[in-house]
Amino acid sequence: EHGDWSSDVALPIFAIASDHAGPPLKAVLKAELEQRGYTVLDLGTHGDDSVDYPDFGRAVGEAVASGQAGRGIVICGTGIGISIAANRIAGVRAAVCHDVTSAKLAREHNDANVMALGVRLIGPEVAMDCLDAFMTTEFSGGERHVRRIEKLG
């Protein structure tokens, strides 16, 4: 059903975090990553008490940018706010993914290293499909994509 996850993730550690909307989805994705042999650095939150999504987006962004994690996943209601927070960290390329196509193109064209998901917009099945695409799609490289990514730095 899912593809071969022998992707180009150099460091098999994933940082994952969510605000108060995301712990149930975070648990599903974390379990799948662990089943696939990845180490998961769960940076919170762990309950449904209201928290501030920028704190959790920043935490994952810092883990990925510092090399503590190879890639990251951030989850909030829409994926938008937490992706903005993660993208404030230099070296992070967080992309909001709503379906397989957006997850695939985020990797292929943008070399995204953080996937942002909106738990109020997609369910766990679509999130799993996004994760699969995020893990199986390699950056296509090429002069035009590399040039554009360098401009993001």
>> When you measure from the side chain of Arg36 to the backbone of Ala31, do you find a donor-acceptor pair of N or O atoms at a distance under 3.5 Å?
In response: no
> Which value, rounded to the nearest 0.5 Å, describes the distance between Leu117 atom CG and Cys97 atom SG?
Replying inline: 6.5 Å
> So, do Phe56 and Thr45 sit near enough that their side-chain heavy atoms are less than 4.5 Å apart?
Replying inline: yes
> Is the closest side-chain heavy-atom distance between Glu32 and Tyr38 below 4.5 Å?
Replying inline: no
> Roughly how far, to the nearest 0.5 Å, is the CD1 atom of Ile73 from the CG atom of Leu43?
Replying inline: 11.5 Å
> Passes side chain to side chain contact (heavy atoms under 4.5 Å, CB included), Asp49 versus His20? Steps please.
Replying inline: CA-CA 6 Å; Asp49 290 339; His20 50 276; over 6 Å; no
>> Using 0.5 Å steps for rounding, measure from the CG atom of Leu152 to the CG atom of Asp111.
In response: 10.0 Å
> Taking atom CD1 of Ile16 and atom CG of Leu33, what is their separation to the nearest 0.5 Å?
Replying inline: 6.5 Å
>> Rounded at 0.5 Å granularity, tell me how far CG in Leu105 sits from OG in Ser140.
In response: 9.5 Å
> Distance from Asp99 atom CG to Cys130 atom SG, nearest 0.5 Å?
Replying inline: 6.0 Å
>> Could you see if Val100 belongs to whatever hydrophobic cluster contains Met128? Use Ile, Leu, Val, Met, Phe, Trp, Tyr and a side-chain cutoff under 4.5 Å.
In response: no
> With a 4.5 Å heavy-atom cut-off, do Met135 and Arg71 have their side chains touching?
Replying inline: yes
>> If I compare all heavy atoms of Leu25 with all of Ala127, which pair ends up nearest, and what's the gap?
In response: CD1-CB, 3.6 Å
> How are the rings of His145 and His109 set to each other: parallel, tilted or perpendicular (split at 30° and 60°)?
Replying inline: parallel
>> I need the minimum non-hydrogen distance between Ala90 and Ala65, along with the two atoms involved.
In response: O-CB, 3.4 Å
>> Under 6.0 Å from the ring centre and within 45 degrees of the ring axis: does the NZ or CZ of Arg107 meet both conditions for the six-membered ring of Phe139?
In response: no
> Under 3.5 Å, is there a donor-acceptor pair between the side chain of Thr137 and the main chain of Phe134?
Replying inline: no
>> Grouping I, L, V, M, F, W and Y whenever their side-chain heavy atoms are under 4.5 Å apart, do Tyr53 and Val51 come out in a common cluster?
In response: yes
> Is there a donor-acceptor pair under 3.5 Å between the side chain of Asn110 and the backbone N or O of Ala112?
Replying inline: no
>> Assess the residue pair His98 and Leu121 against the criterion (side chain to side chain contact (heavy atoms under 4.5 Å, CB included)); give the C-alpha distance rounded to whole Å, side-chain angles, the decisive distance to 0.1 Å, and a yes or no.
In response: CA-CA 8 Å; His98 295 117; Leu121 303 178; 3.7 Å; yes
>> Test of understanding: clusters of I, L, V, M, F, W, Y form through side-chain heavy atoms closer than 4.5 Å, transitively. Do Val64 and Leu41 belong to the same one?
In response: yes
>> Measuring only between side-chain heavy atoms, which start at C-beta, is Leu29 closer than 4.5 Å to Ile75?
In response: yes
>> Tell me whether Asp19 contacts the main-chain N or O of Pro54 through its side chain, where contact means a donor paired with an acceptor under 3.5 Å.
In response: no
> Of all heavy-atom pairs between Ala15 and Ala63, which one has the smallest distance, and what is that distance?
Replying inline: CB-CB, 3.9 Å
>> Hydrophobic cluster membership, with links at side-chain heavy-atom distances under 4.5 Å among I/L/V/M/F/W/Y: are Val114 and Val96 in one?
In response: no
>> Testing the basics here: between Ser83 and Ala116, what is the closest heavy-atom pair and its distance to 0.1 Å?
In response: CB-CB, 3.6 Å
> Looking only at heavy atoms, which two atoms of Lys104 and Ala133 are closest? And how far apart?
Replying inline: N-CB, 4.1 Å
> Any side-chain heavy atom of Ile149 sitting closer than 4.5 Å to one from Arg93?
Replying inline: yes
> Residues in salt bridge (Lys or Arg N to Asp or Glu O under 4.0 Å) with Glu34, at least two apart?
Replying inline: none
